[in-house]
Asks: 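Structure provided below as structure tokens; questions to follow.
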Amino acid sequence: MNAHGYVEVSPTEEREAKNAMRGAKLGLGISLLCFTAGYLSTNLTQTTTSAPAEFVGQAQAVSHMKAAFLHDDVSEIPAHIERFQAEEYQEAKDSISTSSTLSMTVYNEYTQSKPIETGTNTYPWSYVAEPNRATTLAVDDADSDSWYKWTVDGHVQGYGSSVEVLFTEVGEHQVMLVEKTATTTSYLSVKVMVKYVRREIRSLTDLDREKFFNAVHILARVPTEVGQELFGKNYKSKDYFNRVHL
């Protein structure tokens, strides 16, 4: 110990202490590296074991689509089906078919379990869909040996007993279903009315409910002038709607 009360350390002891410190740091670094390598190895293994099943499913879907496309030799539509689609056929209200057994259903995540009521004193359309919501078109009692093709407003949407589509505009849309069996080709053409559907807030899904609350929050806090710069010219704040309903 020197005059100031500090313990004097020889150069040799100082070098040994520094070497020990370096060794400790190196050991810690190696431990962290091993932990990271083990963590990544485990997660990559889990990912690679689950990925093949997903890729196989996607490959099978693509393969099925290509196979169905190769069987698409439907080039002509019966004249009365064309007249119906062109609003020139008045013998059917919202559907017409060349087969008494071919029928279809239109639904989304809400209407699959609770269909929209149609008919007298309710919606006057047999087929109702909603804009900007994934909609499934499905064959009723589909035959696994039959070939199906879907078109919406003249555009092919897919093949198979069901297909998922997205209507982006309200109003009437033409949907045609073609069924091919070993001996016959049948056609079903329907008019799908796309409308916004009002729902009780407690019936909404968690995601839709949160979207609604977020939209109300924005309407309450963002003025019309600011909102139009952020979201477009059609934006209106809650104050606008309050004045409209006074």
Asks: If we ignore hydrogens and angles and just use 3.5 Å, is the side chain of Y148 paired with the main-chain N or O of D143 as donor and acceptor?
Replies: yes

Asks: Centroid separation under 6.0 Å, is that true for the rings of W147 and Y159?
Replies: yes

Asks: Short question: side chain of N214, backbone of E210 - any donor-acceptor pair under 3.5 Å?
Replies: yes

Asks: Taking atom CZ of F241 as the centre, does the number of heavy atoms from other residues, nucleotides or ligands within less than 6.0 Å exceed 12?
Replies: yes

Asks: Considering non-hydrogen atoms only, spot the tightest contact between M176 and V178 and give its length.
Replies: CE-CG2, 4.0 Å

Asks: Can you tell me if CG on D141 sees more than 12 non-hydrogen neighbours from other groups inside 6.0 Å?
Replies: no

Asks: Does any non-hydrogen side-chain atom of Y235 lie less than 4.5 Å from one of I218?
Replies: yes

Asks: Under a 4.5 Å cut-off applied to non-hydrogen side-chain atoms, are T136 and V163 in contact?
Replies: no

Asks: Would a 4.5 Å heavy-atom cut-off, applied to side chains only, mark Q174 and V152 as touching?
Replies: no

Asks: Walk me through whether V156 and W150 qualify under side chain to side chain contact (heavy atoms under 4.5 Å, CB included).
Replies: CA-CA 6 Å; V156 177; W150 299 89; over 6 Å; no

Asks: Just verifying a value: how many Å separate K233 NZ and Q228 CD, rounded to the nearest 0.5 Å?
Replies: 10.0 Å

Asks: Kindly write out the residues that satisfy salt bridge (Lys or Arg N to Asp or Glu O under 4.0 Å) with D239, not counting sequence neighbours, or none if the list is empty.
Replies: none

Asks: Show the nearest heavy-atom pair for residues L102 and V139, with the distance to one decimal.
Replies: CD1-CG1, 4.3 Å

Asks: What are the two closest heavy atoms between V106 and A129, and how far apart are they?
Replies: CG1-CB, 4.2 Å

Asks: Shared ILVMFWY cluster between Y110 and I201, side chains joined below 4.5 angstrom?
Replies: yes

Asks: Could you report the tightest heavy-atom contact between V128 and V192, atom names first, then the distance?
Replies: C-CG1, 4.5 Å

Asks: List the steps, then state whether side chain to side chain contact (heavy atoms under 4.5 Å, CB included) holds for L219 with H217.
Replies: CA-CA 6 Å; L219 291 177; H217 180 75; over 6 Å; no

Asks: Output the distance between atom OG1 (T224) and atom CD (E229), rounded to the nearest 0.5 Å.
Replies: 11.5 Å

Asks: Between S95 and K191, does the side chain to side chain contact (heavy atoms under 4.5 Å, CB included) criterion hold? Intermediate values first, please.
Replies: CA-CA 6 Å; S95 67; K191 297 176 182 178; over 6 Å; no

Asks: Please evaluate residues V175 and T151 with respect to the criterion side chain to side chain contact (heavy atoms under 4.5 Å, CB included), reporting the C-alpha separation (whole Å), side-chain torsions for both, the decisive distance (0.1 Å), and the verdict.
Replies: CA-CA 6 Å; V175 175; T151 61; over 6 Å; no

Asks: Ring of F231, cation from K236 - is the NZ or CZ under 6.0 Å from the centre and inside 45° of the axis?
Replies: no

Asks: Could you work out, with salt bridge (Lys or Arg N to Asp or Glu O under 4.0 Å) as the rule, every residue matching D206, not counting sequence neighbours?
Replies: R209

Asks: Once rounded to the nearest 0.5 Å, what's the spacing between atom NE2 of H80 and atom OG of S189?
Replies: 9.5 Å

Asks: Does K180 offer a backbone N or O that forms a donor-acceptor pair with the side chain of T185 under 3.5 Å?
Replies: no

Asks: Write down the atom of P131, the atom of V170, and the distance for their closest heavy-atom approach.
Replies: CG-CG1, 4.0 Å

Asks: Looking at H173 and V194, what are the two nearest heavy atoms and their distance?
Replies: CD2-CG2, 3.3 Å

Asks: Any side-chain heavy atom of Y187 sitting closer than 4.5 Å to one from E179?
Replies: no

Asks: Find out if a path of hydrophobic residues (ILVMFWY) with successive side-chain heavy-atom gaps under 4.5 Å connects V216 to L204.
Replies: yes

Asks: Side chains of S146 and T181: donor-acceptor distance under 3.5 Å anywhere?
Replies: no

Asks: Hey, are the side chains of M104 and L137 touching, using non-hydrogen atoms and a 4.5 Å cut-off?
Replies: yes

Asks: Listing request: all side chain to side chain donor-acceptor pair (under 3.5 Å) pairs with a residue in residues 98-109, at least two apart in sequence or in separate chains.
Replies: S99-T101, S103-D140, T105-D140, N108-T111, N108-E130, E109-R133

